[in-house]
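Note that the coordinates shown come from a computational prediction; the quantities given were computed from them, not determined experimentally.
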Amino acid sequence: MYDPDDVSNPRQAASLARVLEIDGRRRRLLRGGLSLAVTSFLPYPVSAEPAQPGASPLIGFTPVAVSRDDAVHVPPGYVAQVLYAWGDPVSAGPAFRPDVSNSASDQEMQAGMHHDGMHYVPLPGAEASARGLLAINHEYTDDGLLHPGGMREWSAEKVRKSQAAHGVSVIEVRRALDGRWEVVRPSGFARRITARTPMHMSGPAAGYPWLRTTHDPEGLRVLGTLNNCGCGATPWGTYLTCEENFHFYFRHAGEPTAAQRRYGIGARGGYRWEEFDERFDAARHPNEPNRFGWVVEIDPFDPESVPVKRTALGRFSHEAAVHALAPDGRVVIYSGDDQRNEYVYKFVSRDPWDPRRPRAARDLLDHGTLYVARFDAGGAGEWLELTHGRNGLTAENGFATQAEVLIHARLAADRAGATMMDRPEWLAVHPQRGEVYCALSNNNRRGAQPPSVNQADGSTRLASANPPVDASNPRADNVYGHVVRWREAGGDAAGRHFRWEVFVLCGDPTHPEEDRRGNIRGDAFGSPDGLWIDAGGRLWIQTDVAPGTLNKGAYANLGNNQMLCADPATGVIRRFLTGPRGCEITGATGTPDGRTLFVNVQHPGETPGERGDPTRPGALSTWPDGGRPRSATLAIRRRDGGVVGT
């Protein structure tokens, strides 16, 4: 990481200036918002009956209709511009070749595949909403699209190119006089971080024997980050990228341990990296999977800085790492574990964030307490501490140290007695009201016996868990998903107790089965995934219905994936955007003035089970430019220059 006390380097000076700017804005929000944080919830009863659409003072656009065509649709008066697509150069570098003959070395200087989480950071010294940096996750690859010939004639070069298409982009962007956005090339800030970029391990688990490998006998340096899905940012201006379904990259041809099975490590794999990169052979290198599944901190202002995996935040399929500040200045990071019947976590830093001591932020996320949520009936909730020696996390139960608790955070949460949730996805913290929202995408493994697979005796949890419905997950076979929200007791994000409720049960009001109609006050949708709350308090909801489910069965009437805008106070929800065929909509972020919204279109044209099929390109989608489908970042604005959403 950079030295925040040395401002002789212009990039470091930018970092320090940004820290001070962010903190000033944060203090203003806290002064205006804490009084609201202790108020009670407005009542939103859980009901199978669709509610009336109603009105909202926050939402002023005309909703778009359901769409099934191969295009992006936004409301009248808005324009959506493709800004940065897979294969575009990050800075000065090679252009995308439509025949995908770009080399692995080319790909290391180009946008990766499958854009996901994203965050906009203004550049100090410039108009905050006219020039900044975008940090963009690239979640995974479709090797049928990435290589000529797909996965046929698999080779070390193809593995290297696939690894280069993972990770993160940092690009510089600016708004032109005509209102359009452009990528600044060349840029001294631009960089690519891939599955081969050297990174540090930090925090309580760094150097622990379970993180040591043949290639890294000290357990302190790991190559790469992968399956970067959700994201977050810190008050001091760094970017947090989340490693989600890392287990897909490993293959264990032998007999995995119980802990490896709990994290999905087995014989299937999927990317075939282990054939030419032995790190991903979990039988030969059983500790390598333990080095993934973390939150990674990146300084977007310093392309020479080394990314850091923060082990104090726990290891699981991280989906989002959104922050709040406690009244005493301690930093709180909320994360979901994006698997069926997994958990919601939060980390509370030991020390407060003090902008007068910028050096302290260098290891602020290395010291603190990890918690997991229990949602009780009646709207009460408690954060269960995942600390060695507490809640059954002892050597007798398989946790000899705090490092083992963090590396096996899922098993620790099992032991502590957390509530299994319906695929916890992104979270968002309301900047004024103090509420936390969590998208629960769906769960087709809920509603049967045994009554609980969250065994208090620490026995291995069944892979095919089917827990019963409960208050916070009220539907069996929850194909549409829902959104829950909570408020921390006393408005203290670092507190141990909270009050929760179901904000919305997703569904289709025309569905013949009552429990699948939902209670949406507005436009129908399902499988909520991405969440983001803008400075005006609008909650943006993005959907990720699996490509094989789109326009079929329960989703026959809901069309392609979409983005909606919700008013947290009234519950009104309006459809703002629909995407091309087979895509996911994700990664909302925006400029401070609210006049530009950046959104990612991920995996247009994806077809289930054909990720490596070289005959598939273009069969379902040719978005955005008529050739092979390419994930891309959109810049969306009102034609009259007004605030998006109003």
Does the W353 side chain pair with the main chain of S349, one donor and one acceptor, at a distance under 3.5 Å? no

Is the backbone N or O of V572 less than 3.5 Å from a side-chain atom of T570, with the two atoms forming a donor-acceptor pair by type? yes

What is the ring orientation for F246 with Y263, classed by angle as parallel under 30°, tilted 30 to 60°, or perpendicular over 60°? tilted

F498/F375 under ring pair (Phe, Tyr, Trp, His ring centres under 6.0 Å): CA gap, chis, key distance, verdict: CA-CA 9 Å; F498 58 94; F375 293 79; 5.3 Å; yes

For H408, the ring pair (Phe, Tyr, Trp, His ring centres under 6.0 Å) test, sequence neighbours excluded, returns W210

Is the side chain of T591 donor-acceptor paired with the backbone N or O of S129 at a distance under 3.5 Å, no angle test? no

Less than 6.0 angstrom separating the ring centers of Y140 and H114, yes or no? yes

Quick check against the 3.5 Å criterion: does H388 have a side-chain atom that pairs as donor or acceptor with the backbone of F399? yes

Would you say the side-chain atoms of Q602 pair up with the backbone N or O of H115, donor to acceptor, closer than 3.5 Å? yes

If the plane angle is over 60° it's perpendicular, under 30° parallel, otherwise tilted; pick one for Y437 and F503. perpendicular

Would you say the ring centers of F576 and F61 fall short of 6.0 Å from each other? yes

Would you call the rings of H166 and Y249 parallel, tilted or perpendicular, where under 30° means parallel and over 60° means perpendicular? perpendicular

Q542 side chain to P528 main-chain N or O, any donor-acceptor pair under 3.5 Å? no

Partners meeting ring pair (Phe, Tyr, Trp, His ring centres under 6.0 Å) with Y555 (sequence neighbours left out): Y480

Start with the C-alpha distance between R340 and N444, add both sets of side-chain angles, then the distance that settles side-chain hydrogen bond (donor to acceptor under 3.5 Å, both in side chains), and finish with yes or no. CA-CA 8 Å; R340 291 167 292 192; N444 64 354; 2.7 Å; yes

Sub-6.0 Å ring centroid separation between Y371 and Y345: no

